[in-house]
Amino acid sequence: MEGQELPYVLVDCIGERLGVYEDHVGFLKKRFHLITMKEYLENKTVLSKKIRAIYMWYHKPAINEELLQSLPNLKVVASSGVGIDHLDLKLLSSYGVKVSNTPFIVSTDTADMGMALLLASSRRLVEGHEMAVSPDTEYFPADWLGVEVSGATLGIVGMGTIGYKVAERAKAFEMKILYHNRNQRKKEEESAVGAVYCKKIDDLLQQADFVLLAVNLTPQTHKLIGKRELELMKPTATLINISRGLVVDQDALVEALQNKVIKAAALDVTYPEPLPRDHPLLKLKNVIITPHIGSATKKTRWVMMEEMAESIEAGLAGLPVPREVLP
Amino acid sequence: MFRSRALSKLIPLMSGQSNLAYRFIHPVIASHGHRCHRSVIYKQRYRTCPHSAGRRTISAGTKVMAEEELPGVLILDIGGTHGVLEDLAALLKKHFHLITMKEFLGNREEMSKKIQSIFVFECRPTIDCELLESLPNLKVIGNSGVGVDHLDLKMISSFGVKVTNTPHAVAEPTADIGMALMLASARRLVEGCQVAVSPDTKYFAVDWLGVEVSRATLGIIGMGSIGYKVAQRARAFNMRILYHNRNRRRKEEEEAVGAHYCAKMEDLLQQSDFVMLIVNLTPETHKLIGKRELGLMKPTATLINISRGAVIDQDALVEALQNKVIRAAALDVTYPEPLPR
């Protein structure tokens with residue numbers, strides 16, 4: 001609109017491996033006046049009143065009370081991805097700031113990643129690749145085996161959007177599917193994927209060959225999987241985590257893997273990320289770790305950006321915020 | 001290596017639990033003549049008698065066969081790097097007199113007449129004219145896995161020897177590995193693991209991206225048992241499935257997995273984000289994918305091979321990857337295996 005300035009939106013930085021993607025900037029700059037943290041800090045007195053939204057790309061910029069106090073006209077925080085455990089929703093709400101995330105767009109890629117980890121772990125793909133390319137390899141031994149996926153039992157802990165998509169995929173591998181969730185799903189939803197509800201997580205843990213965590217991180221799910229849960233699992237079972245590192249008691253997991261209480265683990269998420277370089281999980285042969293890439297595809301990240309822009313625009317216009325997260 | 005899983009499924013069949021097993025065993029023991037009938041009863045009614053004095057006994061009407069009376073089966077070795085897996089060998093010994101190559105070569109005269117079958121495990125032992133000539137009573141070669149490109153079928157047939165393979169046992173694990181490779185390649189899983197554990201990693205870059213599998217187009221070249229199971233799996237990822245095959249599948253089969261037939265392989269190559277090779281190796285499929293075919297693929301496409309290394313012109317593949325003619329490749333098979341270091 002002529003004469004009207006574009007709304008000022010705070011971002012952490014642009015490019016540099018951690019910032020807003022360079023190829024997203026064009027789209028965003030048509031709608032917003034982007035201010036980086038560096039620019040803001042250099043010109044706080046002028047910019048602090050102008051900033052009305054924060055575009056939070058991969059948990060940056062970090063939002064604390066100090067920042068909220070210095071942005072009197074902040075209306076919306078758009079956060080990338082589905083997890084909002086890094087945000088203090090009550091605090092933001094107390095400042096009258098609305099929060100949005102991007103829950104649905106990430107679900108397909110994250111479900112794909114869950115299946116990728118399950119398959120890679122069971123068939124020892126990373127190990128096998130290393131053997132295939134190792135300078136010491138002279139032959140491929142005939143007794144080098146993995147475990148079956150087809151026909152095995154998958155236990156999904158957390159049957160939300162992502163968990164359900166995992167179930168849809170696992171069904172095609174003729175896996176037997178158990179699930180544990182705060183609430184039982186509708187009968188039609190269960191039958192569509194052949195999933196059996198386990199009201200008690202213990203039942204799921206005792207029967208599953210693969211346990212996949214797809215819950216969000218809340219005080220209730222913090223260290224959901226600890227020593228007790230790991231011991232309930234079969235010694236031949238694999239734990240797959242595509243939720244948050246803190247859902248698992250990491251020390252208990254290390255011990256369980258070292259003592260062969262469970263067979264293996266495949267983790268897209270840890271706490272912290274990355275792990276300290278001397279962490280025991282990095283050295284265990286029966287562990288696969290990926291660098292939190294559940295939603296890391298070009299298309300998905302583009303749609304995430306579009307959705308965040310949409311949420312900001314709606315919030316600033318006083319309209320209902322799409323994908324709003326209530327405290 | 002994963003093909004060895006076929007063996008564990010095969011053995012229960014051989015305990016006489018199905019007609020198929022009966023027919024499989026029958027030719028082997030046909031040469032026992034008058035003992036044939038009793039041997040068949042042995043196979044069908046073999047079970048442990050609870051009243052036995054510790055020794056395994058067969059139910060009434062049969063007698064325990066001493067090891068030497070069991071049909072002789074030649075294998076490369078038990079255990080070790082290329083031998084039959086130890087626990088599977090134990091199972092085989094219940095039905096056969098296993099003779100290793102070492103035992104055979106150490107006592108050719110006696111052993112050569114006893115050998116009625118060869119159990120080829122992971123392509124070993126090598127079957128050549130010389131071996132066949134020295135085994136006058138050889139009736140059947142059982143090959144583990146589905147591929148028989150390492151066997152000269154015409155030559156073996158000229159000796160009146162039958163060959164069997166295990167196509168159905170390997171279908172699911174092989175389809176699973178095809179999916180595993182496709183997902184791992186698309187999402188850069190191996191690279192990601194290396195980043196996650198590297199001593200140099202200080203943070204995880206947020207612009208580290210892979211490509212989508214869900215909703216992408218998968219082109220399956222070779223829609224046999226394995227190819228069809230791949231299609232069933234890929235469908236659950238909402239992939240668009242194209243396939244190329246010598247013959248078109250039935251309409252119901254196509255519809256069940258949402259697969260579209262490409263009579264011309266070129267059409268498949270031009271449209272696919274992932275091209276998966278699941279053909280057997282024959283003179284017709286040798287170097288099926290060469291420079292021309294790679295040039296037809298999208299520059300964003302990934303080639304996945306779960307068939308045989310020789311189906312691809314490997315030099316052309318190297319060039320295509322180096323020049324970014326295609327995005328990536330994921331290979332469970334190469335020629336030779338392993339590749340020169």
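Here is the naming used below: chain letters follow the sequence lines, and residue numbers restart at 1 for every chain.
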Name the member of L181(B), L189(B), V190(B) that forms the most heavy-atom pairs with chain A at distances under 4.5 Å. L189(B)

Residue selection (most heavy-atom pairs with chain B, distance under 4.5 Å) from E16(A), M113(A), H292(A): M113(A)

Which atoms of I289(A) approach chain B - backbone, side chain, both or neither, heavy atom under 4.5 Å: both

Could you check which of G15(A), G294(A), S122(A) has the highest count of heavy-atom pairs closer than 4.5 Å to chain B? G294(A)

Measure the CG-OG distance between D112(A) and S214(B) for me, rounded to the nearest 0.5 Å. 3.5 Å

Between the CZ atom in R169(A) and the CE atom in M179(B), the distance rounded to the nearest 0.5 Å is 9.0 Å

Under 4.5 Å from any heavy atom of chain B, what part of L281(A) do you find: side chain, backbone, both or neither? neither

Enumerate by number any residue of residues 268-276 of chain A whose heavy atoms lie under 4.5 Å from heavy atoms of chain B; in the absence of such residues, state 'none'. E273(A), P274(A)

Just wondering, do L145(A) and L85(B) contact through their side chains at under 4.5 Å, heavy atoms? yes

Picking from G151(A), P135(A), A170(A), A120(A), which has the most non-hydrogen pairs under 4.5 angstrom with chain B? P135(A)

Once rounded to the nearest 0.5 Å, what's the spacing between atom CD1 of I177(B) and atom CG of L119(A)? 8.0 Å

Counting only heavy atoms from other residues, nucleotides and ligands, does the tally under 6.0 Å from NZ of K283(A) exceed 12? yes

Residue, of E168(A), R301(A), K171(A), that accumulates the most heavy atom pairs under 4.5 Å with chain B: R301(A)

Side chain / backbone / both / neither for E22(A) at chain B, heavy atoms under 4.5 Å: neither

If we only count heavy atoms from C-beta on, is the E174(A) to E172(B) side-chain gap below 4.5 Å? yes

Which atoms of M182(B) approach chain A - backbone, side chain, both or neither, heavy atom under 4.5 Å: neither

T300(A), I288(A), L282(A), T108(A): which one forms the most heavy-atom pairs within less than 4.5 Å of chain B? L282(A)

Between atom NE2 of H82(B) and atom CZ of F140(A), what is the distance when rounded to the nearest 0.5 Å? 11.0 Å

Picking from A186(B), G210(B), G79(B), which has the most non-hydrogen pairs under 4.5 angstrom with chain A? G210(B)

With D12(A), which residues qualify under side chain to side chain contact (heavy atoms under 4.5 Å, CB included), at least two apart? M37(A), K60(A), P61(A)

So for L331(B), is it side chain, backbone, both, or neither that comes closer than 4.5 Å to the heavy atoms of chain A? neither

Donor-acceptor pair, Y21(A) side chain versus V206(B) backbone, under 3.5 Å? yes

Are any of the side-chain heavy atoms of V211(B) and K299(A) separated by less than 4.5 Å? no

Between E191(B), E212(B), Q232(B), R215(B), which residue shows the highest count of heavy-atom pairs closer than 4.5 Å to chain A? E212(B)

Would the distance check show the side chain of R187(B) and the main-chain N or O of I293(A) forming a donor-acceptor pair, the cut-off being under 3.5 Å? yes

Under the criterion side-chain contact (heavy atoms from CB on, under 4.5 Å), I'd like the reasoning laid out for T81(B) against D143(A): C-alpha separation, chi angles, the key distance, then a yes or no. CA-CA 7 Å; T81(B) 56; D143(A) 59 350; over 6 Å; no

In this structure, OG of S150(A) is separated from CZ of R233(B) (nearest 0.5 Å) by 3.5 Å

Ranked by heavy-atom pairs below 4.5 Å to chain B, first place among D136(A), V149(A), T137(A) goes to T137(A)

Cation-aromatic face contact R17(A)/Y203(B), 6.0 Å, 45 degrees: no

Honestly, the part of V133(A) sitting under 4.5 Å from a heavy atom of chain B is backbone

Between the CG atom in L125(A) and the OG atom in S185(B), the distance rounded to the nearest 0.5 Å is 10.0 Å

